[in-house]
Amino acid sequence: MAKNKLLLVDGNSVAFRAFYALHGSLERFKNPSGLHTNAIYAFNLMFENVMEKEDPTHVLVAFDAGKTTFRNEMYEDYKGGRAKTPGELNEQLPYIRELINGLGISHYELKNYEADDIIGTLANQVDKNKFDVTVLTGDRDLTQLATDSIKVAITKKGVSDTEDYTPEHIADKYDGLEPKQIIDMKGLAGDASDNIPGVNKIGDKTAIKLLNEYGSVETLYQNIDDMKQSKMKENLIHDKDTALLSKKLATINTSAPVDISIDSLKYEGSDLEKLVPFYKEMNFRSFLENLDVNEENHDLEDILFEAVDEPTKEMFTDDMALYVEMLGENYHVEDIVGIAWGNDKKIYVSDSDKIFSNEAFKSWLLDKNKHKRVYNAKSTQVALNRYIALPESLTFDVLVAAYLLDTTDNSGDIAGICAHYDYHDIQPDEAVYGKGAKKGLPEDKETFFSHLARKIKAIQWLTPKLEEELKDKNQMDLYRDMEAPISSILAEMEITGITVDANRLNKMKDEFAQRLNEIEEKIYEQAGERFNINSPKQLGHILFEKMELPVIKKTKTGYSTAVDVLEQLKDQSPIVEDILQYRQIAKIQSTYVEGLLKVILQDGKVHTRYLQTLTQTGRLSSVDPNLQNIPIRLEEGRKIRQAFVPRKQDWVIYSSDYSQIELRVLAHVSKDKHLQEAFNENQDIHASTAMRVFDIDKPEDVTPNIRRQAKAVNFGIVYGISDYGLSQNLGISRKEAKNYIDTYFERYPGVKQYMNDSVAQAKEKGYAETLYNRRRYLENINSSNFNLRSFAERTAINSPIQGSAADILKIAMIELDKQLKEKKLEASMLLQVHDELVFEVPQSELETLDKLVKEIMEKAVQLDVPLITESSWGKTWYDAK
DNA sequence: TCATTCACG
DNA sequence: ACGTACGTGAATGAT
């Protein structure tokens, strides 16, 4: 039989830790009635973490009963001098008890005793044959309880991690000490936090040494006469009474008069009747959301809908919601399994194939005067285009709107967005369709139809809310004039696809396979055995254990074998060079050659999907396949681009990219005189930076190496520079890197000012924003955790730059799409790669297109510095260079 | 499912 | 003193 597990939580101590874990965000954690909630929130998080980790069968939270306990009778000043509990924490303590009730957990306190004693007593009392015990606390005192069946988990700085004290861990940490000797240690060394005095001049280190020799405080004093004369011996003798008292104070009372039965502590899950209203009162939306995932069908209202096979035209009006269901993500190939439409009065659903040839439906879809609101317009367009035709007037997209309002909030389906707006009359797709191998339509058609109907209802409900919020945040223009049009343009680009020459790839595949074979053999020979070169673990074993190469860097799980490490090992053994070679080719082979071959469809093309609502900055991302990371930097990989060809003979691939758009955006937003001057005079920006930062007078004195360093500095600036990052990138010392950065800021004071301002603004508003009101919320910008805060600060610097650049290319794409259509050009826009657009174009249109693209991209927006593009073309994407 | 590695801007 | 460059996606091996 599986063993029970009892979890004992030291309520006061964990509450205290929780309060300070989120202390940096104290003012942001307030519920509508002004109560601070940071400690309650963090307590809940810590609790969830430990419940998941330990999975206990029985749980109790113990609290201290009051200010004085039996220990004060022994020693008046016990816990004296302790700073008063902050008011902001005190006000939360009653609510933490309420939270515990909601979580379905018992709590207990006992007059005259501390939580420690309750925990010690219970931990001691339970039958160790039936129970393992875990104690959760922030207080190291409790580690004295550790045994083979009692583990003491001490909360670490954040909310998620604990340090687990077992007898082995204690021996490790305290140089061989046993758990019960912890109290002897406190007897000798004292404990400042509880105001336990200990012996004068003895600290933890000395105490451990003495205990290793004598075992306990008592035996130490029995043998003290034999101790060599020393100042320490005098102190020990002088403070003997204090030592014995201190030990007593530190000793947890394991026979407190606790009168609760273990059986009553059995954990049977949360009490939702209490917990849900409590979370609502505290404004804990994310916890509420998590509850929903676990409960199926809770409080779903009945929904009315009509299932139809062949709808008639009265069933379609202006201003309805439309939803097209597929069970997989790739709408280029997934079957449509159901369609729903409707408004507040009436909802229709259909899973019949007849709908695809239904005239009423089709004419409604294609009617520009019939406005439809949807969740994911692009998916809807691409899917329906395969079955019927490209739908018109999908005028509101709740997915894109929700993304603009909060980039972090789009968990994949409508229910995710709904939960964020406290609308719960819908289930996550996963709850209805399942996941993984078991994913499929529900047995019961009613369940399926209801789910579709609820999606219509949700879209209807969300639309006015989102519209209003977009207006409030001054983001309606961003939605209407940028994101909505871009959605349709991307749909067309995806549908068009790009032709891939499979023959070319197959030839490359054979060549690479042969070369890989040869390198493999060479590597095995040098290693003296065959192993999986793709396994960092096995490779690490060969390099660092068998061949004993020096270890440069470690990862969480073992030795690092990343490129920068291997580069440094090149001189040590020729095998390293071969491994690098192998890696390079294996990557090209598996990801690009084989990867691309797998996703070529019947039409000889690949159709990527651009994710419009994913990145935190406003960029697009590309999946299935990712066409935004096709190799270019190294010749070997660059050849992959030879497989990307125009769809017709005599056409060419044309490509145009912005030159230094991010630095130009920086010059604009920072208003830095010198940076602007460099761009206005059309200087080589990296050389110009080199001259200013490294005090070079004549352009001809800028060597390629100095220019390379300046280039790295410029990159660093855009990323929100750190001396360490720059030093790593350039392989120079941290001090030198710092020097570069200081000089840069001195020579470009406007940039320095911009960085200070962006961080300050983000701290005040809680978000960073682009030139076109795209927001990125920065949860940790005021965090007390250095790392989290620093990261948020760099993000506050980088996001407006990267995001504004993304905005600008989107604006250019919209204008370009318009002009291509107006001018009835045959050329089509195929790809977007962050600062680059790729087209296929008939030879005859090449000149026109080149002019048009250059004009539109460079004039897309008016900045304080010019925008410059560079274009090229050729028979393949490779030749467009 | 996570961690590592490496491709791009 | 902290431990880092910004934004992505795919393949692989290990768990």
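Residue numbers begin at 1 in each chain, while the letters A, B, ... track the order of the sequences. Note that these values count all heavy atoms, side chains included, but never hydrogens, waters or copies made by symmetry.
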Any idea which of [options] is nearest the [X] side chain?
| X | options | result |
| --- | --- | --- |
| A:R619 | C:dA14, C:dA5, C:dG7 | C:dG7 |
| A:K556 | C:dA14, C:dA5, B:dT4 | B:dT4 |
| A:R583 | C:dC6, C:dT4, B:dT5 | B:dT5 |
| A:Y719 | C:dC6, C:dG13, C:dG3 | C:dC6 |
| A:D835 | C:dT8, C:dG7, B:dG9 | B:dG9 |
| A:N629 | B:dG9, B:dT5, B:dC8 | B:dC8 |
| A:T557 | C:dG7, C:dC6, B:dT4 | B:dT4 |

If you measure from the P atom in C:dA5 to the same atom in B:dT4, how many Å do you get, rounded? 13 Å

Given the P atoms of C:dT4 and B:dT5, what is the spacing between them in whole Å? 15 Å

Counting only distance, no hydrogens or angles, is the base of [N] paired donor-acceptor with the side chain of [X] under 3.5 Å?
| X | N | result |
| --- | --- | --- |
| A:R633 | B:dG9 | yes |
| A:S722 | C:dT4 | yes |
| A:R734 | C:dG3 | yes |

Ring-plane angle category for A:H332 and A:H607, please: parallel below 30°, perpendicular beyond 60°, tilted otherwise.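 The rings of A:H332 and A:H607 sit tilted, inter-plane angle from 30° to 60°.
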
Give a yes/no answer on whether the side chain of A:N532 brings an N or O atom under 4.0 Å of OP1 or OP2 in C:dG13. yes

Does A:R794 make a side-chain N or O approach to OP1 or OP2 of C:dC6 shorter than 4.0 Å? yes

Under a 3.5 Å cut-off for both contacts, is C:dA11 paired Watson-Crick or G-U wobble with anything, and if yes, with which nucleotide?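 WC or wobble partner is B:dT4.
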
Does a salt bridge link A:E494 with A:K605, judged by any charged N lying under 4.0 Å from a carboxylate O?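 Looking at A:K605 together with A:E494, the answer is no, because their closest N to O distance does not fall below 4.0 Å.
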
